[in-house]
Each structure stands twice: as C-alpha cells, then as structure tokens.
Amino acid sequence: MSSTARMPEKPTLEGLEERWSRIWDEQRTYAFDRTASRDQVFSIDTPPPTVSGSLHVGTVFGYAQVDCVARFRRMRGERVFYPMGWDDNGLPTERRVQNYYGVRCDPALAYDPDFAPPAEPDPKNAIPVSRPNFVALCERLTATDEQAFEELFRRLGLSVDWSLAYTTIGDRARAVSQRAFLHDLARGDAYTAEAPTLWDITFRTAVAQAELEDRDRPGAYHRIGFHGADGEPVLIETTRPELLPACVALVAHPDDSRYRPLFGRSVTTPVFGAEVPVVAHPLADPEKGSGIAMICTFGDTTDVVWWRELALPTRAIVGRDGRLLPDPPAGLSDKGTAAYEEVAGKTVFAAREAIVALLRDSGDLVGEPRPITHPVKFFEKGDRPLEIVTSRQWYLRNGGRDEAQRERLLARGAELSWSPAYMRARYENWVGGLNSDWLVSRQRFFGVPFPLWYRLDDAGTPLYDDPITADESALPVDPQAEVPPGFTADQRGVPGGFTGDPDVMDTWATSSLTPQIAGGWGTDLFDRVFPMTVRPQGHDIIRTWLFSTVVRSDAEFGSLPWEQAMINGWILDPDRKKMSKSKGNVVTPMDLLVEHGADAVRYWAASGRPGVDTAFDTGQMKVGRRLAMKVLNASRFVLGTGVSDAPVTEPLDRALLTALAGVVDRATAALDAYDYTRALEATEEFFWAFCDDYVEVVKVRAYDTGAASDSARAALATALSTLLLLFAPFLPFVTEEVWSWWRDGSVHRQGWPSADALLRDGDPALLATIAAVASSVRKAKSEAQLSQRAAVDLLTITADAGELDRVRVVAADLAAAGTIAEIAYVEGPVESGRLTAAVTLAAGQ
RNA sequence: GGGCGAUUAGCUCAGUUGGUUAGAGCGCUCGCCUCACACGCGAGAGGUCACUGGUUCGAGUCCAGUAUCGCCCACCA
C-alpha cells in the first residue's frame with residue numbers, strides 16, 4: 001500500500017466539489033467506452049429536465065438517486081452509458097422567450113438574418129419575428145440555461161458523460177422525431193383527421209388527453225326552459241348557458257319515463273329559436289340536474305360522444321380565440337339571429353352574462369342560478385378552461401381505438417420490470433382507460449415541424465390525404481422554409497403548388513424518442529445501448545413520457561425501450577403537499593449544495609426510498625454532512641495509525657472483517673435490486689458501529705507495536721478501504737478525497753468490493769460483546785458525570801460460559817480502551833441482553 | 001365512482017418469508033474539551049405500532065372491514 005503523505009493536517013469538506021468535479025472532467029473519469037457491446041453496457045435513458053429558468057429542488061432528488069445506481073454499476077465493471085438531455089422544446093420555452101426578449105412569433109414573416117432583440121424588451125409591445133428568428137432566440141436563451149444546469153449537475157456529482165449531451169430541439173432530436181414520424185406514417189400508425197379537439201384558447205393549440213387536468217372552479221346551475229310543441233316548458237340545467245345557441249338536441253336516458261314521451265319530438269331553444277330534437281342516450285344520467293341535458297357543439301367531451309353517436313349536426317359558436325364566432329350558427333330563428341348579434345365576438349364569460357340577461361328578460365330562466373363548485377378541464381400548462389373546436393390534426397395510434405394494440409401495450413407493461421413494483425398499476429390504469437389516439441400536432445412555433453407538405457388544388461385548397469413527405473436523408477427539414485422535392489419556391493401557396501404543414505409536434509412526440517435521440521439511432525452506437533437498461537423518471541409522467549416511449553418503441557422496434565423502470569417520488573413540503581414551483585425556487589438547488597455540500601444533499605436524496613414521496617428535510621442533509629465529516633476524520637485516524645498489510649490474526653479484527661463481508665453482501669444485493677437506500681443504510685450502520693465501538697476499542701493496540709498491532713492496523717485499513725468503496729456511489733466527493741490521500745486513481749473506477757476478498761470465518765458476535773461491555777462502562781462513567789477517560793478499578797462480567805469466553809478473548813483491548821485495572825468473570829444468568837457488567841470506578845476522580 | 005399508496009416516539013423514517021422486552025436519526029434533558037473528529041463524544045427520557053374484528057401457541061408484520069391523508073384515473077349537463 002502507498003504512503004499517506006497526501007493526508008492533510010485538518011481535513012475539510014470545503015472546496016471538494018469544485019476540485020473533484022474539475023479533475024473528473026479533465027480525466028474523463030465517466031467517459032463511455034464507445035467500443036463496448038450491448039451485453040457489457042448499462043444504459044440510462046435519462047429524463048431531460050425542462051429548461052426554463054431554474055432547476056427545481058425535486059429534480060436533483062431524482063437524479064441523485066439514479067447516479068448512485070450508475071456509480072455502483074460502473075464499479076461493478078459495467079460500461080455505463082449515462083448521457084444528459086435538456087428538454088428545451090415546447091411551450092415553457094416559448095413563453096419565456098416572449099417575455100425575455102419582448103418578441104412574438106409570426107410565421108407569416110420572412111426570416112431576417114440581421115434581427116437582434118431589443119436592448120430593453122417590452123413584452124407588452126412585442127415585436128413580431130419570423131419562425132426561424134424565433135427559434136434562434138429560443139436556442140440562444142436555452143443555451144444559457146443549459147450551461148447553468150450542467151454546472152449544477154456537475155457540482156451535485158452526477159457521473160454523466162457530458163460529451164453525450166443532447167437537446168430535444170437540436171438538429172439530432174428534430175431529425176429523429178421527423179424520421180420516426182415518417183416511419184409511423186409509412187406504417188399507418190400516423191394519420192390526419194378533422195375532428196372536435198380539446199383546445200387551449202390562450203396558447204391557441206390543440207392539446208392531448210395526457211395533458212389534461214381537472215381543476216375545481218366555481219360555476220352555477222342555470223335552470224332554463226325549452227319550448228315544447230304543446231307550450232309546456234322542458235326544463236334543463238346547465239353550467240354553460242352561453243352555449244345555448246350551439247344547442248343541437250336535448251338528451252335523456254332511454255329508460256327515463258319522465259322524458260320518454262318527448263323522444264322523437266322537437267323543442268325550441270329559448271331566445272335563439274332553433275328547433276332541436278329530443279333524443280335518448282344511455283350516457284344521460286337521470287340523477288343529474290333535471291335528468292335531461294342540452295347537447296351543444298361542443299361543451300364537453302360527452303357532447304362529442306353524443307354528437308358522434310347520434311349523428312347530430314354541428315352548430316359551432318366558440319372560435320379558436322375563445323370568443324363567440326362573428327356569424328350565427330345555422331338553424332336560429334330571425335329573432336334568434338338578432339339576439340346572436342348581441343353576443344357575437346364576446347368572450348365566453350361575457351357571452352354567458354349577456355345570454356343569462358336575455359333569458360331573464362324572456363322569462364326562460366327559471367329561478368336564480370345556483371352556485372356550485374365543479375371540476376373543469378384545463379391544459380396542464382394553461383390557466384383558462386379548455387374549449388372544444390373542430391380542427392385538422394395529426395394522430396398517432398396508441399391503442400386508444402384499437403383493442404389489439406392496447407392489449408399488446410399492456411403486455412409490454414407487464415414485461416417491463418418496475419421499481420417499485422406497484423407503479424405498474426398506474427401504467428395499466430392509464431392504458432386501460434385510453435379512449436382516443438394520441439393527438440400529436442400543436443399549433444405552435446417552437447417545436448419539431450412535421451416533415452410534410454400538401455399539394456394545393458386549382459382552388460388553392462390543400463389536399464391533406466396525400467402529403468408530400470420529406471426525404472429521410474434531408475432531415476431535419478422546416479417545411480415552412482424549405483421546398484418539397486419536385487417543387488420550386490415560387491409555387492408555395494399558389495393554386496396547383498404546395499403549402500408546408502404549419503404545425504409542430506407535441507413535446508412528448510419528441511420526448512418519447514429519447515432512447516433513439518440519446519442512443520444515436522441509425523449509427524453503430526444504437527446497437528450498443530438499445531434497448532436501454534433503465535428509464536428513471538417520476539410517477540407523475542408514467543402516463544405521458546413512459547407510456548409514449550413504449551408506444552414508439554413497440555411500433556418501431558417491436559420491443560420495449562428498456563428493461564427497467566426506476567420510478568422516483570416527489571419532494572413534499574413539510575406540510576405534505578407537493579412542493580410547488582414557487583416554493584421550490586425559494587431554496588434553489590445551488591443554495592443547498594453551497595450550504596450543505598453535495599455529499600450531504602445526495603445523502604438526503606438517497607435516503608428517500610424508491611418511488612416514495614419524501615419530505616424536504618434539511619435535517620437529513622445535516623446528518624449527511626455529519627457522515628461525510630466523520631468519513632474524513634475516521635479516515636484520518638485510521639491512516640494516522642500507519643497502514644499495515646500484515647495478516648489479520650486477532651479474533652476481534654477477524655470478526656470485524658467477517659461482519660463487513662456481510663455488509664458487502666447486503667449492499668450489493670440491494671443495489672442490484674435498485675434499492676440504493678437499503679445499501680446506504682447497511683453501510684452507514686456498520687460505519688458508525690465501526691467508529692464508535694471497534695475503533696475505540698482497538699485504538700490503544702493499533703498505536704502499539706508488534707504482530708497484534710499489525711493485525712489491528714491491517715484490519716483498519718482493509719475496513720476503511722472497503723467502506724470508502726461502499727460509500728463511493730453515495731458520497732462521491734469525500735470518498736474520492738480520502739482515496740486520494742493514500743491510493744492512486746479514482747475511487748470511482750475501482751472494482752466494487754468483494755465479500756469473498758474479506759473474511760468469512762471470524763465470529764461477529766465478538767463485536768456485539770465489545771459493544772455491550774463498552775456501553776456498560778461508558779454508562780457508569782456518564783452517570784458518575786466523569787470523563788470517559790476515568791479509571792475503573794474492577795469490572796465484573798456476569799454471563800453464560802460462551803459469552804465469558806468471548807469477553808476473555810477481547811479483554812486486553814477492553815481494559816486498555818476503558819482504563820480498567822481488573823476484570824472479574826462470573827458465570828450466571830442474565831436478566832436481559834447478552835451480559836451484565838458491574839463497574840467499580842476508581843475513587844477520588 | 002374506480003385504482004394505487006400511506007398511517008409506528010414531538011419530527012423524518014426503518015422494521016424483507018409472523019417469533020424474546022418495537023428500532024434509528026433529528027429535536028429535547030443531563031454529562032464529557034477521551035491524544036481522528038466540539039461540524040465532536042457519551043448517557044437518558046419519550047411509543048396502547050390509526051381503529052375494529054379475525055387467523056395463530058404467538059400479529060407492527062397475515063386476512064376482512066372502518067377512518068383519515070395523498071396521488072392517479074373516470075362520460076363532472
């Protein structure tokens with residue numbers, strides 16, 4: 001073994017992150033071996049964090065957990081493929097760019113190569129810029145953020161190979177997204193359709209089923225009378241009276257005797273005077289409201305079902321901007337048409353007030369509206385309720401309309417290994433509950449465009465059913481800027497010419513391809529890493545990211561994208577709520593790293609069990625920091641006694657190494673099963689017992705000379721070395737620091753410790769024996785309020801014969817450690833524990 | 001309404017095929033400057049294991065039900 005010349009006089013944790021992250025980078029400690037074959041590789045399909053301002057505290061939590069597993073696998077000899085991605089593609093980036101530079105995207109504009117953003121941005125008077133200019137600004141802003149994120153992750157000690165970094169808006173990701181889409185199209189897994197779609201009026205884009213969330217909002221039941229043929233009013237209740245002009249029918253349950261006489265007959269809408277049929281459908285709930293409902297095109301998704309299944313006409317009134325369309329729908333009476341003019345152009349909220357006033361005037365509003373709180377569908381990133389509008393969109397088949405495909409995807413979920421196992425149920429719930437295909441087109445600017453153009457007929461109308469596809473070798477393409485094969489630029493937008501598809505893909509359409517993007521689909525790298533070994537991610541995006549990745553891989557490769565899903569929990573506020581963005585940003589991850597140190601923050605993360613939501617707890621970070629400090633100091637002590645490679649001969653020393661072999665076994669098994677927490681616990685528990693009992697008891701012997709002393713120093717060095725290796729995945733900085741004091745090379749490139757290289761034939765009970773005796777002696781001194789150095793005249797041990805033998809074996813160490821003059825042995829029964837120790841302290845202390 | 005998870009000391013949590021008197025850390029109290037560590041060391045107090053039944057020689061652990069909390073899903077007029 002080497003010398004300990006590099007050991008500092010006063011070890012400290014300060015500065016370890018800067019120093020070692022720099023050296024790891026210089027020495028390419030975590031570089032992937034590009035020549036490795038798939039069977040040697042442990043590949044990680046990293047979650048690309050959203051690049052928008054600051055990383056959330058919760059993000060570092062999950063990444064630190066994954067890194068512990070990655071480091072373990074690397075020490076095990078696997079070639080770890082650990083890239084990092086940045087999700088800079090999507091709405092959050094767009095919104096940020098608009099505010100940051102004071103611009104807005106106008107796709108009709110031409111690219112301006114000389115454009116520079118204003119020195120003093122004024123988001124209220126946003127400057128219109130072309131799509132290429134806008135995208136350039138997005139890339140510029142995210143590049144700055146990504147640099148800051150990388151710095152943070154390096155400081156956290158993530159053992160990422162930074163040369164493998166990717167972005168979801170970069171050329172590579174755009175090309176992969178477009179290529180995958182073209183394959184989907186060729187296979188028939190992608191199709192276009194014009195249909196009612198959930199629509200966000202703020203972002204003016206369609207949104208997918210997976211992006212919905214319900215929020216409770218105040219509303220009111222309005223009781224409204226429709227006019228029956230016999231003059232009797234038919235009362236319905238609605239929370240959306242503004243949709244009255246869009247009403248196309250009333251509906252009740254087929255078995256509802258109250259309304260059965262009306263089925264097949266017509267009623268007239270109040271105020272607007274449209275004649276609408278009364279129809280029957282089993283989805284109508286007799287218990288809800290008055291038991292009969294108005295069907296509008298479209299108020300909610302049930303309306304869509306009714307409209308489709310009952311083949312009702314369309315009377316659309318809400319536009320894509322959330323305002324009522326300027327022209328009245330068909331079927332209104334003359335008076336109704338006049339009434340509509342009063343509300344045309346109003347927002348749905350203003351229209352609601354206006355129509356309620358009209359109903360009140362006409363006497364068709366029965367009673368006063370009754371306030372309620374009810375769930376309303378929102379786009380998860382939006383803040384206004386979704387509307388439903390009819391539009392042409394692209395869809396990917398995901399099993400939502402195909403039983404066989406759904407069964408196959410459920411089977412993929414069963415094939416995948418889950419940590420923790422119960423998370424599989426979330427996947428199955430979601431897949432089982434799908435009711436539509438995956439809507440992948442978005443009416444946005446900053447995203448991956450569809451690599452498509454459409455021919456224009458003589459009237460200039462696009463022929464959507466026969467798109468012109470881009471050549472795969474030319475990807476990525478921007479159909480707004482580039483010309484399809486066989487056309488010239490001056491044919492754009494003219495009859496008989498072409499038009500580029502204006503939309504971009506859903507962010508998940510790109511994210512679902514992270515294995516292909518990171519793994520270099522189409523190059524030799526891909527076969528070395530795919531299917532990936534593990535996908536780490538949060539449980540909230542099982543329905544989106546995990547599922548959509550399975551869909552794409554199943555369709556393209558007929559396999560799972562990975563073997564293992566490693567699901568991490570969330571960070572909760574101390575009050576048990578999911579830590580909000582705003583609170584999460586009060587304490588930034590960098591603040592935590594500066595205040596507590598990376599090893600301490602990692603310790604906190606690693607003590608959060610797989611998949612379990614964990615409280616944000618700086619107390620746990622303090623514990624981690626204490627542990628890191630202890631590693632420094634204990635190492636300094638062990639190395640200070642002088643490292644020996646003599647044989648370990650003393651029974652107590654052999655007991656130590658035998659117990660340590662058991663710890664190695666447990667930690668290894670736990671990490672193999674992705675249970676990093678259990679591995680850390682086993683190591684940590686042993687380490688504290690090692691410091692408090694073993695080290696304290698052998699101290700005197702270790703400072704001595706001779707064979708018994710050599711044995712102690714050899715055992716200390718072996719134990720220290722093994723413990724550093726066991727801690728290395730969790731506390732990469734402090735273990736590397738200590739390793740550097742006396743060993744060459746990085747601790748992180750050492751082999752994982754082998755239990756068989758330690759000892760198996762020692763008697764670990766000896767450790768329990770010294771712990772019990774030492775504890776009794778300490779207690780006596782503590783109760784006498786004396787220093788632990790105080791002298792003991794006589795220590796009387798009562799125990800059974802076997803235990804007494806064990807005490808005799810370690811008596812010399814115990815006597816030296818406890819300053820004990822004499823030990824007496826009494827064979828006899830013990831009330832509790834393994835022995836009784838009576839302590840007679842020396843007088844006059 | 002359906003599904004998943006949780007409920008153990010003031011707080012954060014262990015407790016893996018059921019087995020003596022339920023553990024740890026933090027916090028608290030009391031000591032100790034013990035030659036690695038005062039960012040330390042030692043000792044102590046503190047729990048009817050959410051509730052109700054059941055299985056068993058034996059239940060924190062298994063079964064059934066109840067309650068509370070959290071998350072996901074659902075056709076929320």
Side-chain angles (χ1 to χ4, degrees), chain A residues 10-13 213-214 216 219 221-222 236-240 243 250-251 281-285 288-296 299-306 372-377 420 422-426 428-430 432-433 435 539-540 542-543 569-570 572 574 576-578 597 600 604 607-609 611-620 622-623 625-641 670 675 677-678 681 684-685 688 691-692 695-696 699 703 774-775 777-790 817-819 831-833:
Chain A
K10 181 85 181 166
T12 172
L13 297 173
E213 66 182 34
D214 289 345
D216 279 328
Y221 275 123
H222 299 73
I236 61 106
E237 293 204 10
T238 180
T239 56
R240 301 205 57 187
L243 293 180
L250 297 189
V251 65
H281 194 279
L283 276 184
D285 183 353
K288 219 167 270 176
S290 57
I292 187 164
M294 66 172 182
I295 302 174
C296 303
D300 61 28
T301 50
T302 317
D303 280 343
V304 178
V305 173
W306 281 325
I372 54 157
T373 299
H374 64 152
V376 179
K377 283 193 195 307
Y422 60 77
M423 289 296 178
R424 176 181 287 124
R426 299 198 180 210
E428 290 171 348
N429 273 356
W430 175 254
N435 54 32
H539 51 64
D540 50 331
I542 288 174
R543 64 178 176 157
W570 279 338
L572 304 177
R576 310 300 307 169
K577 293 273 194 291
K578 184 187 177 184
W604 161 70
S607 50
R609 304 191 103 77
V612 177
D613 294 347
T614 301
F616 176 73
D617 186 2
T618 53
Q620 199 65 10
K622 293 199 170 79
V623 173
R625 187 175 176 88
R626 202 168 70 105
L627 174 63
M629 254 339 270
K630 194 75 174 179
V631 168
L632 280 184
N633 285 313
S635 300
R636 203 174 94 82
F637 166 77
V638 168
L639 298 178
T641 61
D675 194 346
T677 310
R678 200 173 290 281
E681 272 176 359
E684 189 190 7
E685 185 190 3
W688 283 108
C691 291
D692 295 344
V695 168
E696 291 300 329
K699 215 179 232 182
Y703 275 132
S775 169
V777 174
R778 285 184 209 127
K779 182 172 177 175
K781 293 179 180 178
S782 188
E783 283 177 350
Q785 304 203 336
L786 290 173
S787 153
Q788 292 300 320
R789 206 170 35 167
T819 330
E831 268 184 40
S832 68

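Remember, it's a predicted structure, so these values are computed and weren't measured experimentally. Every chain is numbered from 1 and lettered A, B, ... according to where its sequence line falls, protein lines coming before strand lines.
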Taking only the P atom of each, what is the distance from G18(B) to G60(B) in whole angstrom? 13 Å

Have a look at T302(A) and say if it touches a base, only the backbone sugar-phosphate, or nothing, with a 4.0 Å heavy-atom cut-off. sugar-phosphate

To the nearest Å, give me how far apart CE (M629(A)) and C1' (C39(B)) are. 6 Å

Atom C1', compared across G58(B) and G1(B): separation rounded to whole Å: 41 Å

Watson-Crick or G-U wobble partner of A59(B), both distances under 3.5 Å: none

Expected output: side-chain K781(A) to main-chain L786(A) donor-acceptor under 3.5 Å: no

Taking only residues two or more places apart in sequence or in another chain, which ones pass salt bridge (Lys or Arg N to Asp or Glu O under 4.0 Å) with D675(A)? R678(A)

Rounded to the nearest Å, what distance is computed from the CG atom of residue L283(A) to the P atom of nucleotide G1(B)? 19 Å

Does A38(B) have OP1 or OP2 sitting under 4.0 Å from an N or O in the side chain of K10(A)? yes

I need the CG-P distance between D214(A) and C73(B), as an integer number of Å. 8 Å

Look at the side-chain N and O atoms of K622(A) and state whether any lies under 4.0 Å from the OP1 or OP2 oxygen of C26(B). no

Check whether any side-chain N or O of R626(A) sits under 4.0 Å from OP1 or OP2 of C26(B), and answer yes or no. yes

Is a salt bridge present between E681(A) and R609(A), judged by a nitrogen-to-oxygen distance below 4.0 Å? yes

If U16(B) has a Watson-Crick or G-U wobble mate with both distances under 3.5 Å, name it; if not, just say none. none

Under 4.0 Å, heavy atoms only, any strand: does Q785(A) hit a base, just the sugar-phosphate, or nothing? sugar-phosphate

Pairing check on G31(B): which nucleotide meets the Watson-Crick or G-U wobble criteria with it, both distances under 3.5 Å? C41(B)

Within the structure shown, what part of the strands sits under 4.0 Å from R625(A) by heavy-atom distance: base, sugar-phosphate, or nothing? base

Integer angstrom distance from the C1' of U52(B) to that of U68(B): 15 Å

Dump every N/O contact between nucleotides 20-22 of chain B and the protein below 3.5 Å, one line per pair.
from	atom 1	to	atom 2	distance (Å)
U21(B)	O4	E831(A)	O	3.2

Between U7(B) and A50(B), how many Å separate the two P atoms, rounded to a whole number? 8 Å

Closest non-hydrogen atoms of D216(A) and T373(A), given as atom of the first, atom of the second and distance, are CB-CG2, 3.8 Å

Mapping K630(A) and A284(A) onto RNA chain B by nearest heavy atom, which one lands closer to the 5' end? K630(A)

Gap between atoms CH2 and P, on W604(A) and U12(B) respectively (whole Å): 15 Å

Note: G611(A) and P420(A) closest approach over all heavy atoms is CA-CD, 3.8 Å

Got a list of protein N/O to nucleotides 14-17 of chain B N/O distances below 3.5 Å?
from	atom 1	to	atom 2	distance (Å)
G15(B)	OP1	R678(A)	NH2	3.0
U16(B)	N3	R678(A)	NH1	2.6
U16(B)	O4	R678(A)	NH1	2.4

So which atom in S782(A) and which in Q788(A) form the shortest heavy-atom distance, rounded to 0.1 Å? N-NE2, 4.1 Å

How is V305(A) classified with respect to the nucleic acid when contacts are heavy atoms under 4.0 Å: base, sugar-phosphate, or nothing? nothing

R426(A) CZ to R543(A) CZ distance, which is reported to the nearest 0.5 Å: 11.0 Å

For D285(A) and E696(A), find the nucleotide of RNA chain B closest to each by heavy atoms; which residue's nucleotide sits nearer the 5' end? E696(A)

Counterpart residues, salt bridge (Lys or Arg N to Asp or Glu O under 4.0 Å), relative to E685(A) (two or more places apart): none

Nearest listed nucleotide, side chain of D692(A), among G42(B), U34(B), C71(B): G42(B)

Could you check which of A74(B), A43(B), U34(B) has an atom nearest any side-chain atom of W430(A)? A74(B)

Tell me what K781(A) touches on the nucleic acid: a base, only sugar-phosphate, or nothing, going by heavy atoms under 4.0 Å. nothing

Value for NE2 (H281(A)) from OG1 (T302(A)), rounded to nearest 0.5 Å, stands at 10.0 Å

Of the listed nucleotides (A36(B), U12(B), C73(B)), which one gets closest to any side-chain atom of A615(A)? U12(B)

How many Å lie between CD on E684(A) and P on C26(B), as a whole number? 10 Å

Can you see which heavy atom on M294(A) is nearest to which on L243(A), and at what distance? CE-C, 4.3 Å

Closest heavy-atom contact between V638(A) and T641(A)? O-OG1, 2.6 Å

Just to confirm, is there a sub-4.0 Å distance from OP1 or OP2 of C76(B) to any side-chain nitrogen or oxygen of K288(A)? yes

Heavy atoms from C-beta onward define the side chain here; which of C76(B), G42(B), G44(B) lies closest to that of K377(A)? C76(B)

Among the candidates C75(B), G42(B), C26(B), find the nucleotide nearest to the side-chain atoms of Q788(A). G42(B)

I need the minimum non-hydrogen distance between M423(A) and I542(A), along with the two atoms involved. O-CD1, 4.1 Å

Determine: side-chain N/O of S775(A) to OP1/OP2 of A43(B), distance under 4.0 Å, yes or no. yes

Decide yes or no, distance alone: a donor-acceptor N/O pair under 3.5 angstrom between the base of C71(B) and the side-chain of D613(A). no

Any N633(A) side-chain nitrogen or oxygen under 4.0 Å from OP1 or OP2 of G40(B): no

Residues forming a salt bridge (Lys or Arg N to Asp or Glu O under 4.0 Å) with D214(A), sequence neighbours excluded: K377(A)

Given side chains that start at C-beta, do those of T618(A) and W604(A) come closer than 4.5 Å, heavy atoms only? no

At 4.0 Å (heavy atoms only), tell me whether W688(A) reaches a base, stays on the sugar-phosphate, or touches nothing. sugar-phosphate

Any protein N or O atoms within reach of nucleotides 4-9 of chain B? Criterion: under 3.5 Å, listing atom names and distances.
none

Take atom C1' in C13(B) and the same atom in A64(B), then report the distance between them in whole Å. 28 Å

Euclidean distance, atom CG of residue N435(A) to atom P of C73(B) [Å, nearest integer]: 12 Å

In whole angstroms, how far is the P atom of C76(B) from the CD atom of E213(A)? 17 Å

Working to the nearest 0.5 Å, report the span between CG of D285(A) and CD1 of I292(A). 13.0 Å

U61(B) and U55(B), which share atom name C1', separated by this distance in whole Å: 14 Å

Now, which nucleotide makes the Watson-Crick or G-U wobble pair with U7(B), with each of the two distances under 3.5 Å? A67(B)

Taking the P atom in each of G46(B) and A22(B), what is the distance between them to the nearest angstrom? 13 Å

Tell which nucleotide pairs with G1(B), taking only Watson-Crick or G-U wobble pairs whose two distances are both under 3.5 angstrom. C73(B)

Using the C1' atom as the reference point in each nucleotide, state the distance between C35(B) and G40(B) in Å, no decimals. 15 Å

Within the 4.0 Å heavy-atom criterion, would you say C296(A) contacts the bases, only the backbone, or no part of the nucleic acid? nothing

